[in-house]
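Read the structure below first, then the notes.
Everything numeric here is computed off the predicted structure, so don't read it as measured data. Just so it is clear, the values below take in all heavy atoms, side chains as well, and ignore hydrogens, waters and symmetry mates.
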Amino acid sequence: MPSRFAFVAVVLFAASALRAADPAPWWDAEVESALTGAKDNRKELEQALRAVPPEQRKGMAFLIANMPDADRAALKAEFLLTNVDLAYKARNETRWGKDVPEELFLNDVLPYANVDEKRDAWRKEFYELCMPMVKDCKTPTEAVQALNAELFKKLKLGYSTQRRAANQSPKESIEQGKASCTGLSIVLSDACRSVGIPARLVGTPLWVDKRGNHTWVEIWDKGWHFTGACEPDPAGLDRGWFVGAAAQAKKDVPEHAIYAASFKKSSQHFPLVWAPRNHGVPGENVTDHYARKAAPDAKAETAKSESALKELRAALEAKPAALADLANKPFAKIPLTKADAATARQLLWDAHAAIIKADRAAEIKDRVIKDDKLEMPFSYKTFGAKPKGGRSLWISMHGGGNAPKQVNDGQWENQKKLYTVEEGIYLAPRAPTNTWNLWHEAHIDRMFARLIEDLIVLEDVNPNRVYVLGYSAGGDGVYQLAPRMADHWAGAAMMAGHPNGVSLLSLRNVPFALQVGGNDSAYNRNKVGKEYGEQLDKLQKDDPKGYEHFVKIHEGKPHWMSLEDKVALPWMAKFTRNPVPEKVVWKQTGAPHDRSYWLAVPKSEAKGDSLVVATRAGQTVEIATAEKVSKLIVRFDDRTADLDKPVEVKQGGKALFTGIAPRTVGTLVKTLADRGDPGLVFDAEVEVTLGGGK
């Protein structure tokens with residue numbers, strides 16, 4: 001029987017033999033130190049180091065030596081081996097690969113991440129997707145331009161403030177179809193790396209004018225060049241909307257400097273706006289590169305904006321007969337900075353208010369609005385204390401119609417005292433005519449618009465809390481005016497009227513109350529009211545974020561509902577107009593209009609029965625439907641998009657416009673002068689030609 005000591009000796013000899021069979025580590029002390037820090041994950045990293053082909057060892061060693069602690073503890077051998085192999089593969093297959101200095105290949109092609117985003121295995125998918133896009137390109141610059149122009153369309157990915165996180169990984173952004181400037185830059189940087197082009201994220205924590213942060217991409221082509229992700233400029237690299245702002249960056253002020261991200265460890269860190277305490281991403285201060293290149297252009301653009309604002313002040317001090325005349329002045333076409341546009345907006349509103357006070361105070365004092373030879377007298381009473389944002393306005397239309405004047409006069413007198421409100425101005429107008437359609441002839445739109453415009457200034461009416469209601473023939477008017485003047489209303493209430501076949505599509509953003517007596521059979525009001533209620537039900541079912549409505553058929557009640565219908569007023573009072581809704585449905589009915597919310601058409605092209613359905617998300621406006629419309633104007637301001645970045649107008653997936661929509665005095669003047677509504681004044685506009693609009 002062998003002794004216990006002999007058995008132990010055999011075991012030790014066997015263990016020693018196994019160790020001798022392992023190849024000696026080929027990596028240096030820096031990598032070994034990283035392996036020690038990996039703790040339980042050391043086995044995976046060692047496996048990657050031992051399995052990597054000799055010609056790729058330098059790359060694998062670089063990654064492991066420089067990767068963040070969290071990656072050392074989590075990344076698997078397969079992930080690293082695939083990433084390294086595909087990076088070298090792209091280097092060997094592309095025309096520019098052999099010209100990339102090794103230092104740049106290691107730091108700006110090989111890494112699997114840019115900053116602190118989730119570690120996706122993106123390289124294989126991007127290699128297969130992007131290589132065909134750049135196969136005919138001769139330089140990295142050509143390739144980047146091709147990727148920036150084609151990739152985001154292919155991925156159906158765009159900028160949006162509605163993305164879940166600023167620092168999304170490529171997979172997260174692609175799944176959502178939306179990303180921040182950082183998320184888009186990560187995608188473009190990774191795409192460039194997948195085809196062997198050195199790429200890195202660059203950004204500033206805060207522009208000097210404090211309007212926010214931004215991230216973009218630099219690529220190497222015999223030097224570093226920049227481009228905005230998902231913002232290709234046909235003129236080439238080193239261009240973009242942010243050039244002027246970047247020129248003002250301050251190298252020695254950390255929050256206003258410009259930094260480039262690095263994978264290799266450095267003494268500087270890349271600031272993460274979304275995680276300001278995380279200093280774990282290496283970086284480099286590259287402010288000098290931008291200040292030197294961009295300063296002259298930036299100063300020139302700022303100077304032009306300041307000059308335009310100065311000329312506007314002078315023009316307003318000269319007391320123009322009409323603000324609209326300013327829209328054609330040369331200075332009105334000069335792009336404005338965000339700050340100058342805000343100042344111009346206030347100057348124009350103050351001038352508009354002064355004109356209203358000087359020219360129209362008599363209209364409100366005399367209680368009559370005139371339109372050519374027609375007159376619309378009105379009576380109003382004020383209820384409650386004025387809220388901070390201004391009073392609400394309730395326009396209440398009387399019944400009657402095709403009847404002698406005294407009949408309609410009597411109906412008006414009744415309407416004056418028919419309802420009360422807890423707060424606001426209750427206003428009862430007298431129809432200018434005695435026709436059957438007394439509340440929906442074309443002059444009513446003009447008169448109501450003028451009345452509202454006056455009261456916003458002269459009675460401090462809140463333009464986002466204007467309501468329309470009416471009884472009998474007045475209810476007929478509500479059916480017609482609520483959709484065709486949709487962007488005026490915070491809510492509408494139809495009592496005992498008839499729709500006369502009007503479409504309800506434009507009520508998408510107008511809460512609508514519909515009430516009729518169950519026994520009100522004249523003109524089938526009860527039957528048609530029920531049918532229209534069902535239409536509203538279906539519209540809301542198909543579009544749950546729109547078509548808010550309240551429908552009640554008062555069973556047993558005739559045409560007169562004994563004031564039970566007054567419940568509509570407190571119901572309406574719960575709602576406030578959103579002048580820039582995310583979706584607009586614009587169906588022209590009755591008297592055509594040339595604008596609705598943030599959409600418009602050239603005045604000569606406003607026509608009945610046309611339909612436009614458009615949505616906005618982030619920087620993009622999508623035209624979903626366009627019938628009998630050939631040209632469309634899309635309006636923007638900083639409520640709807642970041643105008644320092646490109647915007648896009650699309651139809652059927654095709655871009656009709658991509659670029660900067662400049663803020664101008666001309667657009668501010670035009671949108672103010674034709675409505676006098678501060679909520680519908682816009683800084684910029686883009687006109688596009690629609691497909692299938694004839």
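Arg239 meets the salt bridge (Lys or Arg N to Asp or Glu O under 4.0 Å) test with no other residue; sequence neighbours excluded. Listed by chain and number, the residues in a salt bridge (Lys or Arg N to Asp or Glu O under 4.0 Å) with Glu218 are Arg200 (sequence neighbours excluded). Residues satisfying the ring pair (Phe, Tyr, Trp, His ring centres under 6.0 Å) criterion with Phe105, sequence neighbours excluded, are Tyr88.
With Thr215 as reference, Thr182 is the one residue of Thr204, Asn167, Asn114, Thr182 to meet the side chain to side chain donor-acceptor pair (under 3.5 Å) rule.
Applying the salt bridge (charged side-chain N to carboxylate O under 4.0 Å, His left out) rule to pairs touching residues 342-352 yields Arg345-Asp637, Arg345-Asp683, sequence neighbours excluded. For residues 227-247, the ring-ring contact (aromatic ring centres under 6.0 Å, His included) pairs, not counting sequence neighbours, are His214-Trp241, His214-Phe242, Trp216-Phe242, Phe226-Phe242.
At a threshold of 4.0 Å, the pair Asp99-Lys222 does not count as salt-bridged, since none of the basic side-chain nitrogens sits closer than that to a carboxylate oxygen.
Here CD of Glu117 is found 11.0 Å from CD of Gln168. Values are rounded to the nearest 0.5 Å. Distance check: Leu504 CG to Thr589 OG1 gives 9.0 Å after rounding to the nearest 0.5 Å.
Looking at Val202 and Ile258, their side chains come closer than 4.5 Å, going by heavy atoms from C-beta outward. In this structure the side chain of Arg675 reaches within 4.5 angstrom of the side chain of Asp487, judged on heavy atoms.
Because its NZ or CZ atom is both nearer than 6.0 Å to the ring centre of Phe682 and within 45° of the ring axis, Arg639 counts as a cation-pi partner of that residue.
Aromatic ring pairs are classed by plane angle as parallel below 30°, tilted from 30° to 60° and perpendicular above 60°; the pair Trp224 and Trp220 is perpendicular.
Across all non-hydrogen atoms, the minimal contact from Val217 to Ser185 is CG2-O, 3.5 Å.
In the displayed structure, Glu93 atom CD is contacted under 6.0 Å by more than 12 heavy atoms of other residues, nucleotides or ligands. Atom CD of Gln176 sits in a crowded spot, with more than 12 heavy atoms from other residues, nucleotides or ligands closer than 6.0 Å.
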Check: residues 322-337 side-chain donor-acceptor pairs under 3.5 Å, at least two apart:
| unit_1 | atom_1 | unit_2 | atom_2 | d |
| --- | --- | --- | --- | --- |
| Thr337 | OG1 | Asp340 | N | 3.1 |
| Thr337 | OG1 | Asp340 | OD2 | 3.3 |

